[in-house]
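Below is one structure; the comments refer to it alone.
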Amino acid sequence: MDEEQKKAEEKRKQLEEETLNIGTSNTMDDMVKPKELADRKRNLVFDEERFEDTFLKCLICRESFDDDEKAPKMLPCHHTFCLDCLRQMFRVEGEFRQNLSSAFRHMPMAVKICCPSCREALILSDAEIMRLPNDHTVLELLAFVKSTGKKDVQYCVKHKMQPLNFFCEPCILPVCCDCTVLDHKEKNGHRVMNVDEALDKYTPVLDETLADLQSAEQTLLDKRQSLEKAADNIEQIQRELAVQIRQTFDRLRDAIDERERELFKMSESEIDRKRGEIDEQLQIVQSRQESLTAEKEKLNSARDDKNISAMFSTHQTARETLEKKVHIPGPSPSSKDFAVSFQFNSRQENVIKASIAGLGDVSFKMS
């Protein structure tokens, strides 16, 4: 074992003793003052990186040990490496021997590997590598470092490696011990308190604010659920409104169509009656015209024949026909035709139009 490894081993033993002294006896904790414990923890923080590199990381892959693939496995020579690296060494050596000779058709059951630190050789199979003992010292150191909460500690940006154990109330900033002496002096108006004291003071305030936020969030959640429900129902509401509007105007259209049919029936009946009267008058006129034409032809024939007796009798008959009065209802004698005029009286049309323009309404109610 070289000088550097001896120093590392001594350092590890020292840390083991310190771990036992700090974590095993309440009597020792009572004997050590809180400031001394804090200083001891701070010293550990100072050596944190070198401590992890020396004891908590595999010397091959330089990755931190853990309880799984990177479990610290101790070789018979008492050097420790992670399980993943040892298995990788096994695979590389096995593949090398498999390629070296055709006698190895498959991966060898066991191969010889050498310790990367002392070069001590040993023959191991993959199953035997899995059964190598864990380095419990490393596992205990991992547990100890985890228990110190070093990952949860926040450090001052200005004064490196100084934990932020205080809180400046006016500045609303966490500060370290050096900050309280240099930048946040009480004589300059800064009020510095312990972090735990600040937590005790402001936690109720934060709890009240959190309760208010929770209440506001719940109110918004209820509102959101109502809006989402309304959004889901809006299509159904639209369909129901469309049905109501369509039914109303269908009833109006049915009433208008019915009135239209009644007016058409009335007009057709009146037109048919007037058409019958005109046909009767037309027959009377036609009969009168035929009788006058007959008398005219008789009178012309008697005149052309110069038959005085026939002329006299025909003349007498024609005069009687002319004197015979025939009543033909209709326009005045001065009118040249028998034009009949009909007119549709669209009374209340404008009133109905105005009523339709203001017919119905759509109202929305937010529940």
Shortest non-hydrogen contact between Cys58 and Cys85, atoms and distance: SG-SG, 3.9 Å
Heavy-atom check, side chain of Phe81 versus side chain of Cys61, under 4.5 Å: no
Side-chain heavy atoms of Ser64 within contact of Leu56, under 4.5 Å: no
Whether Asn134 side chain and His136 backbone form a donor-acceptor pair below 3.5 Å: no
Verdict with supporting geometry, Glu93 and Lys112, salt bridge (Lys or Arg N to Asp or Glu O under 4.0 Å): CA-CA 8 Å; Glu93 185 65 22; Lys112 183 178 72 172; over 6 Å; no
CZ/Arg273: more than 12 non-hydrogen atoms of other groups inside 6.0 Å: yes
Backbone of Cys82 reached by a side-chain donor or acceptor of Lys73 within 3.5 Å: no
Greater than 12 external heavy atoms within 6.0 Å of Asp67's CG: no
Remaining members of the apolar cluster that contains Ile234, side-chain heavy atoms under 4.5 Å: none
Flag, side chain of Asp305 to backbone of Asn307, donor-acceptor distance under 3.5 Å: no
Check: Arg239/Gln236 side-chain N/O donor and acceptor closer than 3.5 Å: yes
Whether Ser267 side chain and Phe264 backbone form a donor-acceptor pair below 3.5 Å: yes
More than 12 heavy atoms of other groups within 6.0 Å of Lys201 NZ: yes
Ion pair check, Lys229 and Asp232, cut-off under 4.0 Å: no
Side chain to side chain, Cys168 and Pro170, heavy atoms closer than 4.5 Å: yes
From CG (Asn300) to CE (Met311), nearest 0.5 Å: 10.5 Å
Partner residues of Arg275 under the side-chain hydrogen bond (donor to acceptor under 3.5 Å, both in side chains) criterion, sequence neighbours left out: Asp272
Same apolar cluster: Val111 and Val92, side chain cutoff 4.5 Å: no
Single-linkage hydrophobic cluster, 4.5 Å side-chain cutoff, Phe167 and Leu173 together: no
His190, NE2: over 12 other non-hydrogen atoms inside 6.0 angstrom: yes
Exam field: side chain Ser215 to backbone Ala211, donor-acceptor pair closer than 3.5 Å: no
Sub-4.5 Å side-chain heavy-atom contact between Gln247 and Val243: yes
Cluster overlap Ile129 with Leu59, hydrophobic side-chain contacts below 4.5 Å: yes
Thr80 vs Phe65, side chain to side chain contact (heavy atoms under 4.5 Å, CB included): CA-CA, chis, key distance, verdict: CA-CA 10 Å; Thr80 301; Phe65 292 116; 4.2 Å; yes
Results of side-chain hydrogen bond (donor to acceptor under 3.5 Å, both in side chains) for Glu120 - residues two or more places apart only: none
Salt-bridge present (Glu63, Lys70; N to O < 4.0 Å): yes
Separation of Lys274 NZ from Gln281 CD (nearest 0.5 Å): 9.0 Å
Residues Ile60, Met89; criterion side chain to side chain contact (heavy atoms under 4.5 Å, CB included); working and verdict: CA-CA 10 Å; Ile60 300 175; Met89 291 171 61; 4.0 Å; yes
Straight-line distance of Cys77 SG to Leu75 CG, nearest 0.5 Å: 4.5 Å
Leu299 side, atom CG; Gln316 side, atom CD - distance, nearest 0.5 Å: 12.0 Å
Criterion side chain to side chain donor-acceptor pair (under 3.5 Å) on Gln218 and Asp222, from CA distance to verdict: CA-CA 6 Å; Gln218 184 62 43; Asp222 296 340; 3.0 Å; yes
Reported OG-to-CZ distance for the pair Ser301 and Arg303, which is rounded to 0.5 angstrom: 10.5 Å
Over all atoms of both residues, closest heavy-atom pair of Leu322 and Arg288: O-NH2, 3.5 Å
Full working for salt bridge (Lys or Arg N to Asp or Glu O under 4.0 Å) between Lys324 and Glu320: CA-CA 6 Å; Lys324 186 179 179 180; Glu320 291 176 358; over 6 Å; no
Side chain to side chain, Ile256 and Arg259, heavy atoms closer than 4.5 Å: no
Cluster overlap Leu86 with Met130, hydrophobic side-chain contacts below 4.5 Å: yes
Single-linkage hydrophobic cluster, 4.5 Å side-chain cutoff, Leu142 and Phe144 together: yes
Donor-acceptor contact below 3.5 Å, side chain Ser287 vs main chain Ile284: no
Side chains of Phe166 and Cys177 in contact at under 4.5 Å (non-hydrogen atoms): yes
Check: Asp279/Gln283 side-chain N/O donor and acceptor closer than 3.5 Å: no
Gln225 atom CD, over 12 foreign heavy atoms within 6.0 Å: yes
Spacing of CD belonging to Glu268 relative to CG belonging to Leu263, to within rounding of 0.5 Å: 11.0 Å
